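Beneath this line is the structure, given in structure tokens, with notes to follow.
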Amino acid sequence: DGGITQSPKYLFRKEGQNVTLSCEQNLNHDAMYWYRQDPGQGLRLIYYSQIVNDFQKGDIAEGYSVSREKKESFPLTVTSAQKNPTAFYLCASSPADRGPDTQYFGPGTRLTVL
Amino acid sequence: GIQVEQSPPDLILQEGANSTLRCNFSDSVNNLQWFHQNPWGQLINLFYIPSGTKQNGRLSATTVATERYSLLYISSSQTTDSGVYFCAVERNYQLIWGAGTKLIIKP
């Protein structure tokens, strides 16, 4: 089945530790996105990538890093510099010719900092 | 930057009722989309609707771009309609999201 997978579903980390969230897609989409969602709020864009080996910062990139070495994969690292990392993280992808118009979302990773 | 406001923030209805959700945006946009997020967090695209009216089963949406608002109609609500409904507008290759309307359908 084609789709987007994110792992793990729940993640706990101690303050001061870096953690990497996985996002994989087999939809052959060129563009991939990472969003953060806080309770009672809409999604905010962290990073996006329109092509392999290239990515751009979104509105809230500070304290996060990404890589795009393969078309299928767009991992997100939450660094210790992120002041308030507890949130729900969503990954999405879209065909290059549609951009954000047609985004397919993964099931999300809920990160809790202890 | 562009502002996206959704109303009401919360809505509780009995099964079978109809509802109207509103999305206002502060500037011209390339497109507008409606999404549903189920209670487990999964987001599904409902409509891509930069202007005009579209219908999909019990759901329909209308966007009046010149007046900068969009409406999502849900008829004959079912408990599976519960969740959060988001509108998002596209500006400069990014989606700007509203805070959502949380809908609870009681059996």
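Quick caveat, the model's predicted, so the values are computed rather than measured. Every chain is numbered from 1 and lettered A, B, ... according to where its sequence line falls, protein lines coming before strand lines.
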For this session: Give, for atom CD of A/Gln103 and atom OH of B/Tyr48, the distance between the pair rounded to the nearest 0.5 Å.
Result: 12.5 Å
Problem set entry | Which portion of A/Gln56 sits near chain B, non-hydrogen atoms under 4.5 angstrom | neither
For this session: Tell me, for A/Leu43 versus chain B, whether the close heavy atoms (under 4.5 Å) come from the side chain, the backbone, both or neither.
Result: both
Exercise. Taking atom CG of B/Leu43 and atom CG of A/Leu90, what is their separation to the nearest 0.5 Å?
Worked result: 5.5 Å
For this session: Report yes or no: do A/Met32 and A/Val66 belong to one cluster of Ile/Leu/Val/Met/Phe/Trp/Tyr joined by side chain heavy-atom distances under 4.5 Å?
Result: yes
Exercise. Does atom OH of A/Tyr104 have more than 12 heavy-atom neighbours, drawn from other residues, nucleotides or ligands, at distances under 6.0 Å?
Worked result: no
For this session: Verify the cluster assignment for A/Tyr35 and A/Phe55: are they in a single hydrophobic cluster under the rule of side-chain heavy atoms below 4.5 Å apart?
Result: no
Seminar exercise, completed: Nearest heavy-atom approach of B/Gln94 to A/Tyr48 is NE2-CE2, 3.8 Å
Problem set entry | Expected output: side-chain B/Gln42 to main-chain A/Phe105 donor-acceptor under 3.5 Å | yes
Problem set entry | Euclidean distance, B/Ile96 CD1 relative to A/Asp59 CG, rounded to 0.5 Å | 5.5 Å
Exercise. Are B/Tyr73 and B/Ile49 connected, step by step, through hydrophobic side chains (Ile, Leu, Val, Met, Phe, Trp, Tyr) whose heavy atoms are closer than 4.5 Å?
Worked result: no
Exercise. Any chance CD of A/Gln17 has more than 12 other-residue heavy atoms, nucleotides or ligands included, within less than 6.0 Å?
Worked result: yes
Exercise. Do B/Gln37 and A/Gln37 have side-chain N/O donor and acceptor atoms under 3.5 Å apart?
Worked result: yes
Exercise. How many angstroms lie between OG in A/Ser94 and CG in B/Leu95, if you round to the nearest 0.5 Å?
Worked result: 9.0 Å
Exercise. Is it the case that more than 12 heavy atoms not belonging to B/Glu5 sit under 6.0 Å from its CD atom?
Worked result: no
Exercise. So does A/Lys71 have more than 12 non-hydrogen atoms from other groups sitting under 6.0 Å from NZ?
Worked result: yes
